[in-house]
Amino acid sequence: MTDLFHAGTAEDHPVETGTVEHLDRGPLTMDELAEVIARDIPEGSFLNLGIGQPTKIADHLPAELGVILHTENGMLGMGPAADGDQIDPDLTNAGKVPVTELPGASYFHHADSFAMMRGGHLDVCVLGAYQVAANGDLANWHTGKPDAIPAVGGAMDLAIGAKDVLVMMTLFGKDGTPKLVRSCSYPLTGVGCVSRVYTDHGIFEVGGESVVVRATWGISVADLEERLGMPLATVA
Amino acid sequence: MTDLFHAGTAEDHPVETGTVEHLDRGPLTMDELAEVIARDIPEGSFLNLGIGQPTKIADHLPAELGVILHTENGMLGMGPAADGDQIDPDLTNAGKVPVTELPGASYFHHADSFAMMRGGHLDVCVLGAYQVAANGDLANWHTGKPDAIPAVGGAMDLAIGAKDVLVMMTLFGKDGTPKLVRSCSYPLTGVGCVSRVYTDHGIFEVGGESVVVRATWGISVADLEERLGMPLATVA
Amino acid sequence: MARTQLLETADEAVAGIEDGSTVLVGGFGLAGMPFDLIDALIRQGATDLTIVSNNAGNGEVGLAALLKAGRVRKVLCSFPRQSDSYVFDELYLAGRIELEVVPQGNLAERMRAAGAGIGAFYGPTAVGTSLAEGKESRVIDGREYLLEYPIRGDYALISAHHADRLGNLVYRKTARNFGPVMAAAASTTIVQVNGVVETGSLDPEAVVTPSIYVDRVVAVEERHYTVQGAR
Amino acid sequence: MARTQLLETADEAVAGIEDGSTVLVGGFGLAGMPFDLIDALIRQGATDLTIVSNNAGNGEVGLAALLKAGRVRKVLCSFPRQSDSYVFDELYLAGRIELEVVPQGNLAERMRAAGAGIGAFYGPTAVGTSLAEGKESRVIDGREYLLEYPIRGDYALISAHHADRLGNLVYRKTARNFGPVMAAAASTTIVQVNGVVETGSLDPEAVVTPSIYVDRVVAVEERHYTVQGAR
């Protein structure tokens, strides 16, 4: 499994290495992707994980890394999901799933919690997405379909709040349509806010002059360019 | 002493009685004035007392009235001044005088404390003043002298924050100049914010079409009109 | 606000809520939702209400029950759509309820502004999105912000853990959520608690909502409800 | 902000503060003043500082000592003039220090805005006074407000009661005052505490400043100072 993390260990950070194509295996599973992202979370970070797939990342953060989880419903120091007797209806994460409390936790009300986010105090947040654009635009709150009930939650606050906004998603929709795009067709959550996109097929840096691919899994950079319909820069 | 309070008991509130001239005695002392004001504080009020003379009012509030004192440096439920072993450098009032804590007290930080004031949650505050104008303008923070060091503290926040802003002051300066005036010559603390002015010589309602005198001590309404140089309305 | 009233029943606690009121309702999903007060409000009968809450109800309890009873004209919330928000969904899709979606941070901060006497503020959220439409914007120090106005309530219905007899409140864990902000943003704040304790028994350093923000308190039986997502 | 550093001495805690920095200094009078950190800052030598604090020093200790050492170019505060503020008074009257008087509520709320990502806000204080001069005003719902901008610090020096090893803070009584607001408003927050306790020993419901706002912590000997106004 070491190879899986070639693009993601703290010691061997993708920013400092060249682009790696992993062609001896298929795309990552979402669990593998969570593990890759976890390796990129800096030691001691304050981290918010969006509802859905990103919550898996917590399972791959070693305790000694000292990462502290924020949940926007008013807590720092959130622990793993609660099981059995641990379940307390007064203690849930932002997805309303019962969770636990770690030593050193603290609780605060919603205005304080969002002040923490909007004031730029969180180091990293990882969000799911419908689409991310080459310039870092994020679309993850609304499909734009006329019969969809709009529901934004804290997504727009997270998108503009954390110092580093990462996206975790599959690179293609179920119909094969790319979700990393030149420009979002879905309603935006935030403008130019995403720095890096982690997908089953590759890791991409966005928001710069060109999209930079840091790693691929099960596909070459050349094939990715073709499927995404956009040029991709690599790092030597 | 009952007569002293004719204009001020809860049962016999000046709003509901005619103007009373107390000509059988001299002006009130500041302690007597504090007692008069205390009788006008409604039961269960949240009350802020300004630095200086107004702090004396606390000594005259019976516990059964359930008045809760706010101090803008972050506390509700402030008790009397601390003596001897009670003195704790971490527990002072807004004048930096050591005070005590009553059961049911709570502490909060400065932004929360001023949000409480500015959000209009305090029922009453009583402030000292250099001048109050007939329209309710308050001047209590700056003499306007060129060599004076300006220092506003929380005065401007209190002036606009409490539901009812009362002033406690001597009616005349040491040189005999009236401090209840047609229009303030000193720099303003707040515009049209004062509802009632309690002085050694009389109680006045301001901010209406005319200044209404509710009670006098040691001087007649007619003589007050002459000394203040303004017409005073009375209540039959 | 004058001295807090301690009431015997949730029905007494919600007495007098007028038709057409704006009611801030605490809770994030089920955590912190004032079930007993909402049930009492349904019995009380006030209608044509505007509800401000993070969600728009779960299952058929609490806020969902109020919606189902047809008492709500409009909902301001951040996240109406949930796995079990079918009551709201049906009303909304049938055009029988108005919805204003407000980003969660704006919902909290706009209520905080109402409680704090702030006339309006420039917030960083939703710039460049469809939720910015119709809002004034301004560039400050090179960053764009949107002008956001306070959200005030005629009433707040919230849930806390304990109150003392003066009305000071403490909460439990993430059930704190919107309670403290709503308590300060409403003209009349009504609180259900799991217990009323003697004045002086709460740590003054740990009081979260001082009694000045609390108008009516009622102690209720401990809540029992199914936790969504429990595994 | 990444993991909080626990340091052995106040000198280590204030290392690296640059000339010309804006430093938020906690305390209301002497309560909550970070004496040890200020003394260390005097030894450290940074100069040309802008200080944001409620007062401008008492006697010749703490902030007054920093002023006396000639390290301060400008003070933003609400209440410089006190019975024992003679160090400031002399510097000010001699034209050797700049003063910006800010109403206490604006001082607190403007720092809160800096910590909360608010670009600016319309506040109710000082309307119609000389402190409104030069400020934008706006009538909202029939009431006039002034536009107020955030006050950010490069550093905050504050005092708290206890920290846990992660950097979570609790305070004591009215010494809490500006500490929590300044901790969130500064790029680097430095805290002196009376003691560091094990992580997990603070009640999570009673933590006032979460560790995310705390960069450096140093435990100091208990403070001894004369209380002004004690009788």
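Protein chains get the first letters and strands the later ones, always in sequence-line order, with residue 1 at the start of each. Remember, it's a predicted structure, so these values are computed and weren't measured experimentally. Computed over heavy atoms, backbone and side chain alike; hydrogens, waters and symmetry mates excluded.
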Engineer: Given a strict heavy-atom distance threshold of 4.5 Å, which part of Arg143(C) is in contact with chain D: side chain, backbone, both, or neither?
Structural biologist: neither

Engineer: Considering only residues two or more places apart or on different chains, which pairs with a residue in residues 172-194 of chain D satisfy ring-ring contact (aromatic ring centres under 6.0 Å, His included)?
Structural biologist: His110(B)-Phe178(D)

Engineer: Between Glu205(C) and Arg172(D), does any side-chain N to carboxylate O distance fall below 4.0 Å?
Structural biologist: no

Engineer: Identify which part of Asp141(D) has an atom lying under 4.5 Å from any heavy atom of chain C, answering side chain, backbone, both or neither.
Structural biologist: side chain

Engineer: Salt bridge or not for Glu136(C) and Arg138(D), using N-O below 4.0 Å?
Structural biologist: yes

Engineer: Could you tell me which portion of Tyr149(D) (side chain, backbone, both or neither) has an atom closer than 4.5 angstrom to a non-hydrogen atom of chain C?
Structural biologist: side chain

Engineer: I'd like to know if the side chain of Thr4(C) pairs up with that of Arg216(C) as donor and acceptor (distance under 3.5 Å, no hydrogens or angles considered).
Structural biologist: no

Engineer: Tell me, side chain or backbone of Glu109(D) under 4.5 Å from chain C's heavy atoms, or both, or neither?
Structural biologist: side chain

Engineer: Against chain D, work out which of Pro124(C), Pro204(C), Gly123(C) has the most heavy-atom pairs shorter than 4.5 Å and name it.
Structural biologist: Pro124(C)

Engineer: Is it the case that over 12 heavy atoms from other parts of the model lie below 6.0 angstrom from the CZ atom of Arg165(D)?
Structural biologist: no

